[in-house]
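These notes are about the structure you will find just below.
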Amino acid sequence: MPDAHCAEIDGLILTELAPRVTVTPLAPPSIAPHHQDPMTTMTLQALIFDLDGVLTDTAELHYRTWQRVAEEEGFAFSRSLGDQLRGVSRRASLEAILAGRVLSEAQMTALQARKNDHFLTMLNHMTSADLLPGVLPLLDDARASGLRTAVASASQNAHAVLDRLGIRPRFDVICDGHSVLHSKPAPDLFLLAATRLNVPPSACVVFEDAAAGIVGARAAGMMVVGVGPPSRVDGANLVVSSLANVRLADLQRLVADRQPPAAEEMYA
Ligand code: B16
Ligand code: MG
């Protein structure tokens with residue numbers, strides 16, 4: 001059960017009682033996909049973006065900073081383990097690196113704090129030049145088409161990263177590592193984003209670079225575009241190598257048909 005700092009709304013255990021960004025007031029319960037009349041065609045209403053690995057390559061900073069802590073502590077770490085930590089919360093990442101080693105709560109807290117200090121130091125060098133290709137045009141197109149936009153990131157640093165990139169005001173809603181108790185691969189972050197956007201989950205398309213996020217978004221009843229190599233994002237409804245390859249018309253078709261366009265159309 002949630003502790004005194006949590007609230008439960010529509011089955012989502014929220015950890016932020018006062019959102020730290022401008023969001024729409026909490027909406028009435030969103031329409032879960034299984035409530036949707038199968039004879040009606042859903043229209044795309046919102047784009048929900050993962051942050052690390054989709055809008056910017058902070059995935060690499062997470063990798064390097066965990067690698068540094070692992071080296072300092074004598075823990076094994078590898079590129080493949082780092083890849084498995086994409087989209088995984090800070091605490092769960094440390095547990096994966098520990099691979100069964102048991103540390104005291106104080107040690108766990110200290111290691112997470114040290115990793116985050118390294119991360120924040122590297123973040124100081126980030127600028128809007130670190131936006132990944134295609135981000136700004138896609139956000140511009142979305143806004144021009146009347147779509148709503150959200151970030152759904154497991155990172156507790158999401159606001160700081162968006163500020164460094166200079167794109168925080170471009171999102172209607174930001175849900176981050178402080179927003180829900182159950183992070184990815186649970187669907188909670190995505191469902192919270194849809195609720196705050198006041199759109200049904202089945203009208204949302206999610207962009208994700210990680211297996212944990214793809215599992216969560218699909219469990220939320222959303223169509224998912226995987227950003228990255230097919231081997232990493234093969235659970236997505238559609239795969240692109242970069243947001244620069246995304247066309248709104250394809251996303252609209254994805255939601256309307258609940259069927260992906262041919263993969264070769266999108267992966268270039
Ligand atoms: P922090 P995302 C995730 O962000 C990262 O992919 C993951 O590597 C990281 O461990 C997690 O955020 C927590 O980040 O330490 O900043 O709270 O991909 O969900 O945007
Ligand atoms: Mg990510």
Side-chain angles (χ1 to χ4, degrees), residues 15-16 20 47-70 77-98 108-124 126 130-132 135 149-165 167-168 171 173-193 206-217 220 222 224-229 232-233 235-236 239-240 242-243:
T15 51
E16 50 170 38
R20 297 178 307 153
L47 305 184
I48 300 178
F49 295 85
D50 172 59
L51 173 57
D52 295 328
V54 168
L55 300 178
T56 187
D57 200 10
T58 26
E60 184 61 23
L61 298 195
H62 284 296
Y63 170 78
R64 283 196 237 153
T65 49
W66 275 128
Q67 183 185 45
R68 182 166 165 194
V69 170
F77 196 64
S78 64
R79 181 58 75 174
S80 100
L81 177 54
D83 250 3
Q84 290 166 41
L85 303 184
R86 282 174 182 256
V88 175
S89 73
R90 198 181 307 166
R91 166 83 186 206
S93 297
L94 178 55
E95 286 169 358
I97 292 167
L98 290 176
M108 295 289 285
T109 302
L111 286 183
Q112 289 174 82
R114 198 199 305 164
K115 184 271 179 187
N116 201 47
D117 285 346
H118 295 330
F119 181 84
L120 292 176
T121 301
M122 295 181 92
L123 195 60
N124 280 332
M126 177 175 277
D130 293 299
L131 278 165
L132 285 171
V135 172
T149 54
V151 168
S153 169
S155 174
Q156 296 174 48
N157 295 301
H159 290 81
V161 173
L162 291 167
D163 281 340
R164 295 293 319 175
L165 296 170
I167 56 169
R168 186 172 359 172
F171 297 97
V173 163
I174 297 167
C175 298
D176 68 3
H178 298 284
S179 300
V180 294
L181 192 61
H182 301 299
S183 192
K184 305 169 187 178
D188 300 32
L189 259 179
F190 301 103
L191 290 172
L192 179 63
V206 173
F207 297 90
E208 259 293 348
D209 71 312
I214 291 169
V215 169
M222 299 174 183
V224 187
V225 177
V227 184
R232 196 179 69 215
V233 295
V239 175
V240 295
S242 146
L243 291 188

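For ligands, and for the atoms within them, numbers begin at 1 and follow the listed sequence. What you see is a predicted model, and the numbers here were worked out from it, not measured in a lab. Heavy atoms only: backbone and side chains are in, while hydrogens, waters and symmetry mates are out.
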Between the side chain of Q67 and the main-chain N/O of Y63, is any donor-acceptor distance below 3.5 Å? no

Any side-chain heavy-atom pair from V233 and R86 closer than 4.5 angstrom? no

Under 4.0 Å, counting heavy atoms only: does G213 come that close to any atom of ligand 1? no

Residue, atom name and distance, where the atom is the protein heavy atom closest to atom 15 (O) of ligand 1: R90 NE, 2.7 Å

Close side-chain approach of L123 and V161, heavy atoms under 4.5 Å: yes

Return yes or no for this condition: an N or O of F119 is under 3.5 Å from an N or O of ligand 1. no

Per-atom contacts, ligand 1 versus L51 - under 4.0 Å to a heavy atom: 20 (O)

Under 4.0 Å from ligand 1, counting heavy atoms only, is it the side chain of L85, its backbone, both or neither? backbone

If we check side chain to side chain contact (heavy atoms under 4.5 Å, CB included) with V135, which of these qualifies: T56, L55, V54? L55

Nearest protein heavy atom with distance in Å, relative to atom 17 (O) of ligand 1: Q156 N, 2.7 Å

Within less than 2.8 Å, report the number of protein N/O/S atoms around the Mg ion (ligand 2). 3

Do V69 and H118 pass the side chain to side chain contact (heavy atoms under 4.5 Å, CB included) test, and can you show the C-alpha distance, the side-chain angles, and the key distance before you say yes or no? CA-CA 9 Å; V69 170; H118 295 330; 3.8 Å; yes

Ligand 1 contact by K184, heavy-atom criterion under 4.0 angstrom: yes

Going by the order shown, which atoms of ligand 1 are within less than 4.0 Å of some heavy atom of N157? 1 (P), 16 (O)

At what distance is the nearest protein heavy atom to atom 6 (O) of ligand 1, and which residue and atom is it? G87 N, 2.7 Å

Which residue in the set L243, I174, V227 passes side chain to side chain contact (heavy atoms under 4.5 Å, CB included) when paired with F49? L243

Against heavy atoms of S153, which atoms of ligand 1 measure under 4.0 Å? 2 (P), 4 (O), 19 (O), 20 (O)

Protein contact to atom 18 (O) of ligand 1 [nearest heavy atom, distance to 0.1 Å]: D50 OD1, 2.9 Å

Is there a side-chain contact between R68 and F119 in this structure, where contact means two heavy atoms from C-beta onward sitting under 4.5 Å apart? no

Does even one non-hydrogen atom of S93 get within less than 4.0 Å of ligand 1? yes

Rounded distance [0.5 Å steps], NE2 in H62 versus CG in D52: 3.5 Å

Just to confirm my output: which protein heavy-atom neighbour is closest to atom 3 (C) of ligand 1, and how far is it? D52 OD2, 3.4 Å

So, are D50 and K184 salt-bridged, with charged N and O less than 4.0 Å apart? yes

Do L192 and V173 make a side-chain contact, defined as non-hydrogen atoms from C-beta onward lying under 4.5 Å apart? no

Measure from atom 11 (C) of ligand 1 to every heavy atom in V88, V54, V151 and give the option owning the shortest one. V88

Could you tell me if S80 and D83 have a donor-acceptor pair between their side chains, going purely by distance under 3.5 Å? no

Quick check against the 3.5 Å criterion: does S78 have a side-chain atom that pairs as donor or acceptor with the backbone of L81? yes

Answer yes or no: is there a donor N or O on one side and an acceptor on the other, between the side chain of R232 and the main chain of A211, under 3.5 Å? no

